[in-house]
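In what follows, a structure is listed as structure tokens, so that the remarks can point back to it.
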Amino acid sequence: MAKWKKVTIALSVGIMMLALAGCSGAKQETTTKPADKKIVLGFSQIGAESEWRTANTESIKASAQAAGIELKFSDAQQKQENQIKAIRSFIQQKVDVIAFSPVVETGWDAVLQEAKAAKIPVILTDRSIKMSSGNAEDYYVTFMGSDFVEEGRRAGKWLVDFMKKDNEAVNIVELQGTVGSAPAIDRKAGFEEILKQHANYKVIKSQTGDFTRAKGKEVMESFLKSAKADGQKIDVLYAHNDDMAIGAIQAIEEAGLKPGKDIIIVSIDGVKGAFEAMIAGKLNATIECSPLLGDQLMTATKDLVAGKTLDKRIVTKEGVFPAEVASKELPNRKY
Ligand code: GZL
């Protein structure tokens with residue numbers, strides 16, 4: 001066979017092979033990381049503001065150890081500038097993956113553009129972000145965490161079912177989470193969505209308690225004082241997390257009122273302290289928001305380094321726990 005024919009056939013077979021590889025939906029390029037080298041994950045944690053956050057940190061550290069992943073962990077003490085500094089340091093250290101729980105939704109554009117330029121994939125855990133320009137989804141591989149709007153709806157639905165008051169006024173005070181944070185914005189929105197269907201339910205006071213017990217107590221004290229001055233009755237407290245509710249319970253008791261009876265309380269997280277307060281008859285319901293994201297994060301990190309494609313959104317599955325199930329449920333709680 002003429003030489004030119006042999007070359008043509010060889011070339012066409014080569015082109016066909018390349019085309020087939022392209023059409024086979026082959027995964028992204030697998031990483032060149034040698035099998036014996038540990039994966040390095042840089043994680044910027046918000047702080048240690050609540051029982052939820054402590055449990056979240058424990059979950060991430062324990063799962064990294066179990067997965068054999070080298071974890072570079074930084075605690076930002078609830079300050080965005082500390083998270084940005086930590087992410088920049090992870091970029092300089094050339095970690096394999098960066099993950100973080102953004103303390104607030106906005107202000108991440110520059111540092112996420114730097115991570116993208118450095119070709120280091122970013123995973124969002126717990127809370128999401130908004131970018132001032134461009135599509136936020138172009139700057140992170142996946143966001144794993146709860147649906148906070150749904151948590152707010154669940155709190156509203158539980159309250160309306162529990163109160164069984166269709167006509168008389170129900171005055172609600174609200175302890176919001178950290179200003180500008182996704183859970184605070186979304187839990188408020190979800191709760192209000194339900195209240196819109198019940199005109200007799202009214203949020204008469206709403207202020208941030210920054211997700212902490214101390215601030216929750218302080219703000220509840222001010223709510224009680226101003227309601228007394230205005231001659232208003234507080235029927236319900238809606239707290240965006242259990243820690244603020246537990247702080248508020250102390251303020252309610254110090255004001256000579258019975259939390260869980262004089263003032264009905266619904267909060268979010270489902271930490272052990274909430275179950276203990278429900279068993280004591282001081283809290284009426286908690287909406288679960290699981291902090292146990294460690295295993296999911298390590299699986300996602302390994303899959304990323306192995307070149308697998310991840311779902312853009314991984315939603316945590318959660319429930320609603322009214323006081324009547326607290327005693328039975330407490331032994332099962334993992335956080
Ligand atoms: C929710 C998480 C919130 C918790 C608070 O996923 O971001 O932050 O509800 C925690 O307890 O401080």
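In listed order, ligands and their atoms are each counted from 1. What you see is a predicted model; the values in this text were computed from it and never measured.
When all heavy atoms of Cys289 and Phe148 are compared, the pair lying nearest together is SG-CE2, 4.2 Å. The two residues Asp311 and Thr142 come nearest to each other via the heavy atoms O-OG1, 2.6 Å. The two residues Lys312 and Val141 come nearest to each other via the heavy atoms CD-O, 3.3 Å.
Using a cut-off of 4.0 Å between Lys/Arg side-chain N and Asp/Glu carboxylate O, Arg213 and Asp243 are scored as salt-bridged.
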N or O contacts of ligand 1 with protein under 3.5 Å, please list pair by pair.
residue: ligand 1; atom: 6 (O); partner: Asp126; partner atom: OD1; Å: 2.4
residue: ligand 1; atom: 7 (O); partner: Arg53; partner atom: NH2; Å: 3.1
residue: ligand 1; atom: 7 (O); partner: Asp126; partner atom: OD1; Å: 2.8
residue: ligand 1; atom: 7 (O); partner: Asp126; partner atom: OD2; Å: 2.9
residue: ligand 1; atom: 7 (O); partner: Arg127; partner atom: NE; Å: 2.7
residue: ligand 1; atom: 7 (O); partner: Arg127; partner atom: NH2; Å: 3.3
residue: ligand 1; atom: 8 (O); partner: Arg53; partner atom: NH2; Å: 3.0
residue: ligand 1; atom: 8 (O); partner: Arg127; partner atom: NH2; Å: 2.8
residue: ligand 1; atom: 9 (O); partner: Arg187; partner atom: NH1; Å: 2.8
residue: ligand 1; atom: 9 (O); partner: Arg187; partner atom: NH2; Å: 3.3
residue: ligand 1; atom: 9 (O); partner: Asp269; partner atom: OD1; Å: 2.6
residue: ligand 1; atom: 9 (O); partner: Asp269; partner atom: OD2; Å: 3.4
residue: ligand 1; atom: 11 (O); partner: Ser50; partner atom: OG; Å: 3.0
residue: ligand 1; atom: 11 (O); partner: Asn241; partner atom: ND2; Å: 2.9
residue: ligand 1; atom: 11 (O); partner: Asp269; partner atom: OD2; Å: 2.6
residue: ligand 1; atom: 12 (O); partner: Glu49; partner atom: OE2; Å: 2.6
residue: ligand 1; atom: 12 (O); partner: Ser50; partner atom: OG; Å: 2.9

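Residues Glu174 and His240 have side chains that bring a donor and an acceptor to within less than 3.5 angstrom of each other.
A distance of 6.0 Å or more separates the ring centres of Trp52 and Phe211.
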